[in-house]
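The chains referred to below are lettered A, B, ... by the order of the sequence lines, with proteins before strands, and numbering in each begins at 1.
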Amino acid sequence: MDKPSLPSGTRDFSPEVMMRRKHVIGIVEETFKQFGFLPLETPALENLKTLQGKYGDEGDQLLFKILNNSDFLAKADEKILRQRDSKALTPQISDRGLRYDLTVPLARFVVMNRDKIHFPFKRYQIQPVWRADRPQKGRYREFWQCDADILGSQNISNEADLLQIYDNAFAKLGLKVNIRFNHRGILDVFEPWLQGAANHNRFMQLIDKADKIGFDGVLNEINKEAIPNGAEAWTLLDKINRMGSAEEKLNALQHAASIQHETLQKGMLEIKQLLTLLNQLPVTNTRTLDVTLSRGLSYYTGMVMEVVPADDRIPADFRIGSIGGGGRYDNLTGVFGLKDVTGVGISFGLDRIYDLMDAAGIFPTASLQSTAVLFCCMDEPALPAAFAMARNLRDAGIATEVYPGAAKLKKQLDYANNKGIKWACILGEQEISDGTVSVKNLISGDQNICPQSQILQHISQ
RNA sequence: GCGGAUAUAGCUCAGUUGGUUAGAGCACCAGUUUGUGGCACUGGGGGUCGCCGGUUCGAACCCGGUUAUUCGCCCCA
């Protein structure tokens with residue numbers, strides 16, 4: 001018999017871990033609801049056609065594919081089969097795959113249900129996604145995303161809401177973060193200068209690594225890849241970024257842009273509108289305009305945002321990437337045939353947030369408790385009385401257990417102690433004949449005898 | 001897809017230049033206490049040293065292969 005094991009990059013979540021994960025999910029979900037988002041769930045499986053071609057070549061490689069049922073090889077092309085050409089064979093033996101993110105399923109859903117949806121459409125989705133990536137620290141093959149998106153409204157107040165959601169949720173979680181934002185319009189200025197979209201995309205990919213490898217690291221990469229004017233563009237962006245306030249950065253940008261670039265003006269206008277909405281409101285975390293933020297290669301077309309940890313309780317060597325990100329994408333549903341639906345959304349990386357809070361040791365201990373009262377019976381005849389009292393306590397909203405059967409008292413109290421149960425209610429021959437119950441507070445060690453009818457009042461004190 | 005590290009009890013790990021019966025802590029079970037947990041003490045169960053092969057009188061230890069895990073790179077949450 002082989003030892004049981006898990007597929008790499010997947011994990012079991014023990015009851016202790018799940019209590020904490022639920023704590024995080026609960027706060028994120030509650031925040032989404034407070035801003036008027038409603039839940040959506042989609043299947044783990046999607047048709048491969050829905051998923052493929054949405055995430056670039058690399059993304060397609062990382063899709064988990066599912067073999068067709070029935071005799072899938074019988075239908076495969078004889079020639080391709082003999083050539084052992086996996087890439088050509090895949091479409092013949094696999095029609096379905098596991099979802100890679102929550103945004104593409106959302107787009108599919110909106111297109112399929114366009115007749116039922118009223119725009120602006122605000123939905124949140126908290127579900128696992130799968131990527132056949134190489135696992136490493138903070139990176140899993142099965143992980144959870146918590147997405148909130150608004151479709152069909154281009155007003156910048158949506159972005160303002162999403163930035164508030166980030167701030168509110170992390171404030172409630174008790175994790176200090178920095179919320180960075182930028183506008184793709186600012187970066188698009190450089191496209192002609194960098195001589196083409198390919199260079200520009202690569203440029204954005206490289207500057208996105210600044211957090212990790214620093215200014216010089218990015219500069220080296222740009223020089224190594226010989227991106228035309230890349231070094232100059234990067235130096236300029238970095239210089240602007242070092243200025244203090246968002247307003248100063250915007251002013252510097254205005255002066256630096258020698259031509260009246262349309263997307264730059266749009267980007268700067270939207271950032272100003274955003275600041276007008278947000279600057280009057282209280283904020284718990286830091287929120288910075290970072291003109292070097294690009295969010296890689298994805299489909300973003302307007303505002304982009306990203307959350308990075310900024311909590312000094314996190315050990316210095318515990319480095320992990322961003323824990324949330326999002327932005328505006330025009331024409332998200334275009335690939336599925338529905339044009340001109342703009343969307344803006346954010347995502348919380350649940351697993352990384354969990355890892356960070358765990359490393360920083362900031363999970364509240366209360367999130368571990370479940371049962372409040374345990375009934376311990378000395379003998380079987382005491383069980384009916386325990387069941388009756390347990391029922392009353394549960395009706396009063398108190399989580400209550402009756403220990404199964406009449407085990408040794410030591411064993412029953414051990415159980416209560418390990419589970420962090422506060423009250424042990426002991427029932428033996430004496431208590432049953434007196435109509436009483438011995439109530440022990442397992443935190444203080446105090447023990448009293450009270451009438452069975454008074455049990456609720458006794459433990460409510 | 002590429003590179004490094006690791007693999008010994010349920011978990012975290014020791015294990016001397018290769019030498020008799022492979023250890024510790026935690027966890028578990030039992031007892032000290034026939035109805036009282038946490039603390040303490042005593043005892044107990046639990047291992048084909050990842051797997052396959054090689055070197056050797058002798059391998060947990062050395063060599064080769066393999067599988068898995070893990071940390072980086074690419075990319076991403």
Side-chain angles (χ1 to χ4, degrees), chain A residues 1-11 14 28 55-62 86 100-103 126-147 201-202 204-206 208-209 211-213 217 221 225 294-298 305-309 317-326 345-356 374 376-379 382 403 406-432 437-449:
Chain A
M1 183 79 178
D2 286 333
K3 279 187 185 178
S5 63
L6 285 172
S8 89
T10 68
R11 298 145 302 152
S14 68
V28 172
Y55 310 104
D57 286 345
E58 294 247 10
D60 280 355
Q61 298 274 316
L62 299 180
S86 305
Y100 180 90
D101 68 2
L102 301 178
T103 306
I126 300 175
Q127 288 190 277
V129 302
W130 294 267
R131 296 183 189 177
D133 210 343
R134 205 57 171 271
Q136 48 188 275
K137 187 156 93 180
R139 173 183 290 180
Y140 306 99
R141 285 182 152 179
E142 178 184 64
F143 63 99
W144 283 60
Q145 291 188 331
C146 315
D147 277 26
N201 281 337
R202 188 60 192 148
M204 289 199 295
Q205 245 175 23
L206 291 177
D208 213 40
K209 293 160 75 171
D211 252 8
K212 207 171 182 178
I213 60 177
E221 296 270 331
E225 302 196 17
S294 76
R295 299 285 303 152
L297 257 190
S298 34
M305 36 208 142
E306 181 171 279
V307 182
V308 290
D317 59 342
F318 197 89
R319 286 179 189 281
I320 210 165
S322 67
I323 53 178
I346 54 170
S347 183
F348 287 77
L350 171 66
D351 303 85
R352 286 186 176 178
I353 293 168
Y354 179 96
D355 288 348
L356 282 168
L374 177 73
C376 307
C377 295
M378 300 313 305
D379 44 34
Y403 192 91
K408 281 190 177 175
L409 191 53
K410 174 178 161 56
K411 196 166 172 78
Q412 301 195 47
L413 291 176
D414 261 335
Y415 175 82
N417 201 44
N418 285 333
K419 219 168 162 181
I421 296 172
K422 183 177 177 186
W423 298 101
C425 295
I426 301 160
L427 287 165
E429 258 180 69
Q430 192 64 51
E431 286 88 351
I432 294 298
V437 56
S438 294
V439 181
K440 185 174 178 114
N441 181 325
L442 290 175
I443 297 163
S444 65
D446 297 340
Q447 185 168 333
N448 296 295
I449 294 175

How would you list, by chain and number, every residue that makes a side-chain contact (heavy atoms from CB on, under 4.5 Å) with [X], sequence neighbours excluded?
| X | result |
| --- | --- |
| A/Asp60 | A/Gln52, A/Leu63 |
| A/Leu62 | A/Tyr100, A/Asp133 |
| A/Gln447 | A/Ile426, A/Ser438, A/Lys440 |

Enumerate the protein-to-nucleotides 37-44 of chain B contacts in which both atoms are nitrogen or oxygen and the separation is below 3.5 Å.
| from | atom 1 | to | atom 2 | distance (Å) |
| --- | --- | --- | --- | --- |
| B/rG37 | O2' | A/Asp414 | OD1 | 3.0 |
| B/rG37 | N1 | A/Leu442 | O | 2.5 |
| B/rG37 | N2 | A/Asn417 | OD1 | 2.6 |
| B/rG37 | N2 | A/Leu442 | O | 2.5 |
| B/rG37 | N3 | A/Asn417 | OD1 | 3.3 |
| B/rG38 | O4' | A/Asn417 | ND2 | 3.0 |
| B/rG38 | N2 | A/Ile443 | O | 3.3 |

Of all the choices, [options], which nucleotide is nearest to the side chain of [X] once you look at every atom?
| X | options | result |
| --- | --- | --- |
| A/Arg295 | B/rA77, B/rC76, B/rG35 | B/rA77 |
| A/Lys137 | B/rG35, B/rU69, B/rG72 | B/rG72 |
| A/Ser438 | B/rC74, B/rA77, B/rG35 | B/rG35 |
| A/Tyr140 | B/rA77, B/rC75, B/rC74 | B/rA77 |

Once salt bridge (charged side-chain N to carboxylate O under 4.0 Å, His left out) is applied, do any residues pair with [X], and if so which ones, sequence neighbours excluded?
| X | value |
| --- | --- |
| A/Glu429 | none |
| A/Asp351 | A/Arg11, A/Arg21 |
| A/Asp379 | none |
| A/Lys422 | none |

Next on the checklist: Work out how far the P atom of B/rG58 is from that of B/rU20, and round it to whole angstrom.
Outcome noted: 15 Å
Checklist entry - Ignoring hydrogens and angles, are the base of B/rU36 and the side chain of A/Gln412 linked by a donor-acceptor pair under 3.5 Å? => result no
I'd like a list of close polar pairs between nucleotides 2-5 of chain B and the protein, N/O only, cut-off under 3.5 Å.
| from | atom 1 | to | atom 2 | distance (Å) |
| --- | --- | --- | --- | --- |
| B/rC2 | N4 | A/Arg134 | NH1 | 3.1 |

Checklist entry - Are OP1 or OP2 of B/rU36 and a side-chain N or O of A/Gln447 less than 4.0 angstrom apart? => result no
Item to check | A/Lys408 vs B/rU36: side-chain N/O to OP1/OP2 distance below 4.0 Å | outcome: no
Checklist entry - With a non-hydrogen cut-off below 4.0 angstrom, is A/Gln61 in contact with a base, only sugar-phosphate, or nothing? => result nothing
Checklist entry - How do A/Glu221 and A/Pro7 order along RNA chain B: which one's closest nucleotide is nearer the 5' end? => result A/Pro7
Next on the checklist: Could you write out RNA chain B as dot-bracket? Rules: Watson-Crick or G-U wobble, both distances under 3.5 Å, brackets [ ] for crossings, | for pairs with another strand, dot for unpaired.
Outcome noted: (((((((..((((.....[...)))).(((((.......))))).....(((((..]....))))))))))))....
Item to check | Non-neighbouring partners of A/Glu142 that pass side-chain hydrogen bond (donor to acceptor under 3.5 Å, both in side chains), sequence neighbours left out | outcome: A/Trp130
Next on the checklist: I want to check something: taking the side chain as every heavy atom from C-beta on, are A/Asp147 and A/Gln127 in contact at a cut-off of under 4.5 Å?
Outcome noted: no
Checklist entry - A/Phe143: what forms a ring-ring contact (aromatic ring centres under 6.0 Å, His included) with it, not counting sequence neighbours? => result none
Next on the checklist: Within the supplied structure, the quantity of interest is the number of heavy atoms (other residues, nucleotides, ligands) at a distance under 6.0 Å from A/Lys137 NZ; does it exceed 12?
Outcome noted: yes
Next on the checklist: Are B/rA77 and A/Phe143 stacked, with the base six-membered ring and the side-chain ring centres under 5.5 Å apart and planes under 30°?
Outcome noted: yes
